[in-house]
Structure formats: C-alpha cells, structure tokens
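Contents: one structure, followed by commentary.
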Amino acid sequence: MKVRSRVFLALLLAAASPVLAETTPPAAPVRHLNGLFPLSWDAQHGKLLLTIPHTLNEPGKQFLLLDTLREGVGANDLELDRGQLGRSRVVEWFRSGPRMLLIAPNLMYRSSSPDADARAAVAESFARSALWGFKIVGDHPDGSVTVDATDFFLHDIHGVAARLRERKQGNYRLDAARSAIDTASLKDFPDNTEVESLLTFSDDAPAPPKLISSVAPDAHAVTVQEHFSLIALPGPGYTPRAFDARAGYFYVGYLDYAAPLGSPLHVRLITRHRLIKKDPDAKLSDPVEPIVYYVDRGAPAPLRRALIEGAGWWSDAFEAAGFRNAFQVKVLPRGADPEDIRYNVIDWVHRSTRGWSYGASVIDPRTGEIIKGVVTLGSLRVRQDFLIAEALLAPYANPHATPAQTKTEQSAALAMVLQRIRQLAAHETGHTLGLAHNFAASTIAPGTSVMDYPHPLIALDANGKPDLSHAYPVGVGAWDEAAIAYGYTQFPRGTDVPRALDRMLRADAARGLVYLSDQDARPLGSLSPRAHLWDNGADPARELQRMLQVRAAALARFGENAIPRGEPLATLEDTVVPLYLLHRYQ
C-alpha cells in the first residue's frame, strides 16, 4: 500500500511540473530616462546602463562629477551629515577599444599660453587620474556609446568607509550584497544626471564602538545613501575675478606656467555666483537670472520663516552693489530634488549630538564660479540656544503658571533663539556666496558683519536682570556690503576693473573696514589682538569684565525657575553649565 501511494504521488508531481514551468514571470521592462547622460535601468539583470552622447564623447569634452551624502550617519564627530557635499572634479572620457575610462585632468598645473604646444608641454608634465573603467555594451550610429555603469554607481565615492576607520569606529568595508542602486532616485535633466545608491558598510567586530552604536540600529551594518551627480559645466559668459587678501573671499588656485618671468605662477580666483545685469549701463538693474536659495521643507514652521528672513538679508547687500531683486530665498517646492544642481539649498539636519553648521559650494574649478550653494544647519543648535536663554532669564518664576502663562514666560527665550537662527542662516549663506570669516568685524562696531562669530549681546536692565532683546543684530553689516560689492559689482564697459577694485578696497580700509581671517584668530594661526571669536567690542579685556558681571547677576538669580515646572531637578545641571561658562562662549 505504501509503495503504491509513493508511485501515485511521484506521477502526480511529474504531471504538475510542466504547469509550474509555464508560470515563470515575464522579463521586467527596461526603464529609460533622457537627460545629460541617458540612463537605462535593466531590472531583470540589475544593471544600470549609461549612454555617453557623441557631444561628450570627444577628446577634451569635460563635465563635472560631484558626490553627496544624501542620507548621513547622524553623529557630529563623524562629519558624515545629511546633504554633505563631497568632491567636485572636472572629468572627461577616454576610449580604448571596448573600454571607456573616466579621466580627471590635472587642473592644478596649467598654461594660459595661446600656443598649443606650450599648453601640451604643461599638461604632459603632470599626472592625470583615471577614476573608473567602464565596459562598453553598445555603439550607436550617431557616435554615442553605452557603458555598464552599475559597479561605478555602487562604489563608495564619498569615502564613508575610510572616514569611519579614520575616526576609529571600526574596520568598516562596503558590503556589496547589502548595497543597491535606488532606482526611485534616478533622475535625468538637461544639465545634470542624478543617481543614488543605498550602500551598506559592515564590520564583524564583536563590540562596535559606542559612537556608531548610538546612531545605527545595528552597528554591524551602517547603511547610508550616496548620491552621484554628473553635471554639465557652465557655458561661456562668466568672467573670473582676481582674489585679493583684503576682500575676504575663498578662492580656487592653480599654477600658470605661461606667466612672464618676474610674475607669480600662482593664480587665485575668488569663488562667486554668476550674476549679470539686464542693463549693464544702469546703476541699479534686475539680473538676467537671480540667485535663488531654497529652504528645506523639513524645518519647523517658525524656524523655517526665520531661515528665510535671515538668509534673505543678503538681498540688501546685492542691491547696494547695483542689483535689484538679485537674491531671493524661498521654500523648496514640493517634488523638487534638493540634489538637483539647479537648486541652492538650506538643509535642516538632525544629529544625535549638537554640532557645527556650515556653508559649502559646488564650484567650477576652472574659474571659481559657484554652481550650487549648500547650507547645512544643525537642528540641535536652537535647542542649545534656548537652554542658554533659560539659564540667563530664569523665566519660570510662577509655580502655578498655566500652559498659556508658561508659553508667555518662554517667549523672550524663543525670541532670542529666532534672532540667532536668522543670524546663523545669514552667516552660513554668506559662505556659499564665496565669503570667508571676518573675525575683526566685532571689534569695529556691533553688526559690522554676519561673517564674524557673534557672542550674544547681553545687557542688564535696571533691576539687574539679563536682557536678551538685542542679543543679535538684524541684517547684514557694512563689511558684508563691502565684500559683496568687491565680488559682484558689474562695472560699466571700458572700466579698468583691477584698478577699480583696488580703489574699493582702499576706500573700505579708510572707513575702518578691516578683514582678519581664521588664521589670524585661531590658536594654531598667527594671533592678532583684533581677531577674536565669540566677543563684542574693541577691547576684549573690558568686554570680559562686563560679561563676568552679567554672569554673576544671572548666577545670583539661578535656581528652580531656570527649568520648566515638572522637570527633574537634576536637569538644572544641564542648564547651569552653559551659564557658568558664559564668558567662554563657544
């Protein structure tokens, strides 16, 4: 009986097997996107193919390669934040048989000579870098070429593994089995192609470091999103402007071997956006195309408004430089991709610990032209500022206050926080306009520049209570307007621009507008008595004495009224520390 049953079951399965074979799902369709570099996603084979148009497939046809960390790790000490810009490199294609190489030419050493042989002599004297090799999978009649770009878009272009190892977080390595191209993120525009990959970094150590364990669900597998941007280089029409150490700008530099004997080899060009007047002869004109910044929709509503207002202060500086409606700040439209090269963005970033905010730019290394500005603002900064305000104001005096009364008590602290976020938005946006720090500004006059590091201006009222109503100035200052004028003024046709710029800087100096940089103010630099971080006034010793009086008055009032009702008294420790160290504000 058992034998017969087994035979019957075998016959039944044999009869059913052809039916199962016939239900194999059909092949997934190939998805095509058209843009700067057309993309084709082959879902069945997990391949991303990239087509190189014939216009970019010729010798010397260059474009920009940029990497961004779309989703970060979340620990400030690792410096791997959401929206973090990586390297931007000018690259070009080189074909050899069935392979295409992505080559980064050496732009540090150049020749401006009109003679082709002289330019070639310099180019051939220094190494280039082949960044990647691609297998060609298709030649087309129009001269375009299709390559398999899958592995390229799955490599750690941002250097996350190296950063984790450098910060002693373990021996993390890219795990190919747990990494994939995010096909929903594929985007192609006329001037840029965008690809994003979900990359996992694994470490089998039995006890991962505490820092990475605090921000990852499983510290053995750290997964982030790395973003690749292939960007068309800006077209003609931009005029580079020479760097001058008095002007307070960042710069790109290179060695020009065509420089005459007796002239410096080193060429420095300031970094700035392209801004051109519609009417070049008008003293005040609308721009051909304004500079527009977009604020992260993820910022809470009151803070989002403050970010728009603070960053928008720069419109006054551009108007003083002759441009009407040239600088605008808006909320990022729904559906817009913040990684799209067309959008200058102000990102609201969360971390597990409080950390820095900063402004960075995508720059054309050939000319210094800023293609895209990226401001990164850490969300915990406002919470720290609110804590400082609570410590100073001790606002919770009424033990029986209603929620509405508590909100009123907190209003002065909130007002200070909004003052600070406006100033911070203006400061970091200034970096993305090309401006460096000016640590001499606070010694000239209050509000001279948003590019200094401002200690909140705290006064004592008639009752000896700290007053924060004027903690931070409103608007950009005289130095900021002078700096924007140097970088962005469009002079009338026929002007001797170098001489005109020198006159501007001499006039600024005559008004007392001095520039001193990071290296003049920080401990590892050549310290200047006029370059201070986190202070007010021309005399740091006198200001220290004043701040000690403010600190003493605030400490005398400090107690349970410095924390909201219902909070554990142990949280007084968190509040008293920034107050006790107020004179060492950092």
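The analysis underlying the following values was restricted to heavy atoms, covering all of them including side chains, and did not include hydrogens, waters or symmetry mates.
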From [X] [atom1] over to [Y] [atom2], what is the distance, rounded to the nearest 0.5 angstrom?
| X | Y | atom1 | atom2 | answer |
| --- | --- | --- | --- | --- |
| Gln62 | Leu56 | CD | CG | 10.5 Å |
| Leu36 | Phe189 | CG | CZ | 11.5 Å |
| Met451 | Thr429 | CE | OG1 | 9.0 Å |
| Ile341 | Glu194 | CD1 | CD | 7.0 Å |
| Ile181 | Glu196 | CD1 | CD | 11.5 Å |
| Leu255 | Leu107 | CG | CG | 12.0 Å |

Donor-acceptor pair, distance only, cut-off 3.5 Å: does the side chain of [X] make one with the backbone of [Y]?
| X | Y | answer |
| --- | --- | --- |
| Asp347 | Thr376 | no |
| Ser113 | Asp115 | yes |
| Arg165 | Tyr172 | yes |
| Arg163 | Glu79 | yes |
| His220 | Ala205 | yes |

Is it the case that the ring center of [Y] lies less than 6.0 angstrom away from the ring center of [X]?
| X | Y | answer |
| --- | --- | --- |
| Tyr453 | His437 | yes |
| Tyr293 | Trp314 | no |
| Phe250 | Phe243 | no |
| Trp132 | His155 | yes |

Exercise. When Arg82 is tested against each of Arg351, Glu71, Arg70 for side-chain contact (heavy atoms from CB on, under 4.5 Å), which residue passes?
Worked result: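 Only match with Arg82 under side-chain contact (heavy atoms from CB on, under 4.5 Å): Arg70.
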
For this session: On the 0 to 90° scale, with breaks at 30° and 60°, tag the Tyr109-Tyr257 ring pair as parallel, tilted or perpendicular.
Result: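 Correct class here is tilted.
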
Exercise. Any idea how Phe318 and Tyr488 line up, ring-wise: parallel (<30°), tilted (30 to 60°), or perpendicular (>60°)?
Worked result: perpendicular

Any non-hydrogen side-chain atom of [X] less than 4.5 Å from a side-chain atom of [Y]?
| X | Y | value |
| --- | --- | --- |
| Trp93 | Val145 | no |
| Ile421 | Leu307 | yes |
| Asp364 | Leu64 | no |
| Thr150 | Phe152 | no |

Which atom of [X] lies closest to which atom of [Y], heavy atoms considered:
| X | Y | result |
| --- | --- | --- |
| Val90 | Pro105 | O-CD, 3.2 Å |
| Val147 | Ile52 | CG1-CD1, 4.2 Å |
| Gly298 | Trp348 | O-CD1, 3.9 Å |
| Thr200 | Ser179 | N-OG, 3.0 Å |
| Asp480 | Val450 | OD2-N, 2.9 Å |
| Ser361 | His431 | OG-O, 4.3 Å |

For this session: Would you check, one step at a time, whether the test side-chain contact (heavy atoms from CB on, under 4.5 Å) holds for Val224 with Leu80?
Result: CA-CA 10 Å; Val224 299; Leu80 290 169; over 6 Å; no

For this session: Any chance you could lay out the side-chain contact (heavy atoms from CB on, under 4.5 Å) test for Val288 and Lys277, step after step, and finish with the verdict?
Result: CA-CA 6 Å; Val288 172; Lys277 286 181 174 180; over 6 Å; no

Problem set entry | Pair Arg173 + Asp156: basic N to acidic O under 4.0 Å | no

Exercise. Can we say Lys47 and Asp148 salt-bridge, meaning some charged N sits less than 4.0 Å from an Asp/Glu carboxylate O?
Worked result: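 A salt bridge is present here (some side-chain N lies under 4.0 Å from a carboxylate O).
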
Distance only, no hydrogens: is a donor on one side chain within 3.5 Å (strictly under) of an acceptor on the other, for [X] and [Y]?
| X | Y | value |
| --- | --- | --- |
| Gln423 | Arg420 | yes |
| Ser112 | Asp256 | yes |
| Tyr238 | Arg272 | yes |
| Asp286 | Asn325 | yes |
| Tyr343 | Asp337 | no |
| Thr193 | Asp188 | yes |

Exercise. What do the steps show when you test Ser144 against His54 for side chain to side chain donor-acceptor pair (under 3.5 Å), and what is the final call?
Worked result: CA-CA 4 Å; Ser144 60; His54 70 90; over 6 Å; no

Exercise. Could you walk me through whether Ile370 and Val362 pass the side-chain contact (heavy atoms from CB on, under 4.5 Å) check?
Worked result: CA-CA 6 Å; Ile370 295 174; Val362 180; over 6 Å; no

For this session: Carefully, step by step, assess Asp67 and Glu226 under the rule side-chain contact (heavy atoms from CB on, under 4.5 Å).
Result: CA-CA 7 Å; Asp67 63 275; Glu226 294 194 27; 5.8 Å; no

Exercise. Only one of Gln225, Arg87, Gln84 forms a side chain to side chain donor-acceptor pair (under 3.5 Å) with His158, so which one is it?
Worked result: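 Among Gln225, Arg87, Gln84, the one meeting side chain to side chain donor-acceptor pair (under 3.5 Å) with His158 is Gln84.
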
Problem set entry | From CA spacing to verdict: salt bridge (charged side-chain N to carboxylate O under 4.0 Å, His left out), Arg95, Asp139 | CA-CA 12 Å; Arg95 178 166 186 170; Asp139 278 295; 2.7 Å; yes

